[in-house]
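Here's the structure, in structure tokens; my notes come after.
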Amino acid sequence: MTVRQQWTIVGAVVIALGCALFGASRIFADQLYPVSVGSKAPDFHAVTVDSAPPETKTLADYKGQVVLLNIWGTFCLPCRDEMPAIEKLNQAMAPKGLRVVAVSIDEPGAEAKIRSFAKEFGLTFQILYNPSGAMENAYQTTGVPETFVIARDGVIRKKVIGASDWNSDGNRALIAQLLAERGR
């Protein structure tokens, strides 16, 4: 084998390894880049359940706003526990600019169940629906509820796994601080 042939083989191996690494970084991006505090919030697609016809909403619809993004399900007992606190936070902070967005991950065909849940709890914030599992994958959730506080710049500032008292003094202070940050 000539030196030229050896270098051709080495070059082909290096190119193949580079392509494999590039492909693996695309396939395993979720594991390589976890969704956590300090990371950009992933985009999502979910539909409204309170309008006919349903409208598709994405994270871009809330660009430049402080968002409390809650991923939940009607079947989830801890979700039932935390919804009244989220509603109280919404009542207090929505007039100041907070956008509360709750995305149900119930099974397909659960729109009526979701509307009934929202009515039962008197929820006045945006209720969306994503039965495909894409929301759970995008946000790498481990269950429900999971909540993300997203600042105006699209960066996740707080992540809570499980139910929380969103109307607590600490959570209100965080939201107030994020609302006061302009143009970041």
Side-chain angles (χ1 to χ4, degrees), residues 1-49 51 53-76 78-79 97-111 114 126-164 174-175 177-179 181-184:
M1 183 178 283
T2 67
V3 173
R4 183 181 180 119
Q5 290 172 327
Q6 289 174 344
W7 279 110
T8 303
I9 291 171
V10 168
V13 169
V14 167
I15 290 171
L17 286 173
C19 289
L21 235 109
F22 178 77
S25 72
R26 296 291 180 202
I27 292 169
F28 299 109
D30 289 347
Q31 289 80 16
L32 294 172
Y33 309 106
V35 176
S36 60
V37 173
S39 67
K40 275 284 206 200
D43 195 16
F44 64 82
H45 292 80
V47 296
T48 58
V49 293
S51 63
E55 297 175 49
T56 299
K57 297 286 187 176
T58 68
L59 185 61
D61 291 316
Y62 309 100
K63 185 177 180 174
Q65 299 177 25
V66 176
V67 176
L68 184 134
L69 177 66
N70 179 258
I71 301 171
W72 66 285
T74 60
F75 54 86
C76 164
C79 299
L98 174 66
R99 291 300 306 258
V100 174
V101 180
V103 181
S104 168
I105 58 161
D106 279 82
E107 69 279 353
E111 293 89 345
I114 295 165
Q126 179 89 73
I127 304 287
L128 302 177
Y129 181 39
N130 182 267
S132 69
M135 187 79 178
E136 297 148 287
N137 290 336
Y139 279 81
Q140 302 171 2
T141 61
T142 57
V144 288
E146 283 198 31
T147 307
F148 302 82
V149 177
I150 304 168
R152 294 180 194 280
D153 59 3
V155 173
I156 297 170
R157 298 293 181 89
K158 184 172 185 171
K159 175 182 177 179
V160 175
I161 299 172
S164 181
L174 171 64
I175 299 298
Q177 175 188 347
L178 294 175
L179 288 169
E181 294 177 0
R182 298 274 180 205
R184 276 185 142 197

Looking at every heavy atom in both [X] and [Y], which two are closest together, and how far apart are they?
{"X": "Val35", "Y": "Ala138", "result": "CG2-O, 3.4 Å"}
{"X": "Phe44", "Y": "Leu128", "result": "CE1-CD1, 4.0 Å"}
{"X": "Leu179", "Y": "Gly97", "result": "CD2-C, 3.6 Å"}
{"X": "Arg157", "Y": "Leu178", "result": "NH1-CD2, 3.3 Å"}
{"X": "Lys159", "Y": "Val37", "result": "N-CG2, 3.8 Å"}
{"X": "Ala163", "Y": "Pro78", "result": "CB-O, 3.5 Å"}

- Message: Tell me every residue that passes side-chain contact (heavy atoms from CB on, under 4.5 Å) with Val10, counting only those two or more places apart in sequence or in another chain.
- Response: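 Scan of Val10 (side-chain contact (heavy atoms from CB on, under 4.5 Å), adjacent residues dropped) gives Trp7, Val14.
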- Note on the structure: Sorted by chain and residue number, the side-chain contact (heavy atoms from CB on, under 4.5 Å) partners of Ser36 (sequence neighbours excluded) come out as Ser39
- Query: What residues form a side chain to side chain donor-acceptor pair (under 3.5 Å) with Thr74, not counting sequence neighbours?
  - Reply: Asp106
- State which residues pass side chain to side chain donor-acceptor pair (under 3.5 Å) with Glu136; sequence neighbours excluded, sorted by chain then number. none
- Message: Please evaluate residues Met1 and Ile9 with respect to the criterion side-chain contact (heavy atoms from CB on, under 4.5 Å), reporting the C-alpha separation (whole Å), side-chain torsions for both, the decisive distance (0.1 Å), and the verdict.
- Response: CA-CA 11 Å; Met1 183 178 283; Ile9 291 171; 3.6 Å; yes
- Query: With distance as the sole test, does Lys40 use its side chain to make a donor-acceptor pair with the main-chain N or O of Asp153 at under 3.5 Å?
  - Reply: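 Here the side-chain-to-backbone pair exists.
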Give the table of side-chain donor-acceptor pairs shorter than 3.5 Å for residues 58-73, with sequence neighbours excluded, one pair per line with atom names and distance.
{"residue": "Thr58", "atom": "OG1", "partner": "Ala60", "partner atom": "N", "Å": "3.3"}
{"residue": "Asp61", "atom": "OD2", "partner": "Thr58", "partner atom": "N", "Å": "2.8"}
{"residue": "Tyr62", "atom": "OH", "partner": "Gln126", "partner atom": "OE1", "Å": "3.4"}
{"residue": "Asn70", "atom": "ND2", "partner": "Glu82", "partner atom": "OE2", "Å": "2.8"}
{"residue": "Asn70", "atom": "ND2", "partner": "Thr147", "partner atom": "OG1", "Å": "2.7"}

- Please round to the nearest 0.5 Å and tell me the distance separating atom CD1 of Ile150 and atom CZ of Arg99. 12.5 Å
- Contacts of Tyr139 that satisfy ring-ring contact (aromatic ring centres under 6.0 Å, His included) - sequence neighbours left out: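 Here the qualifying residues are Phe148.
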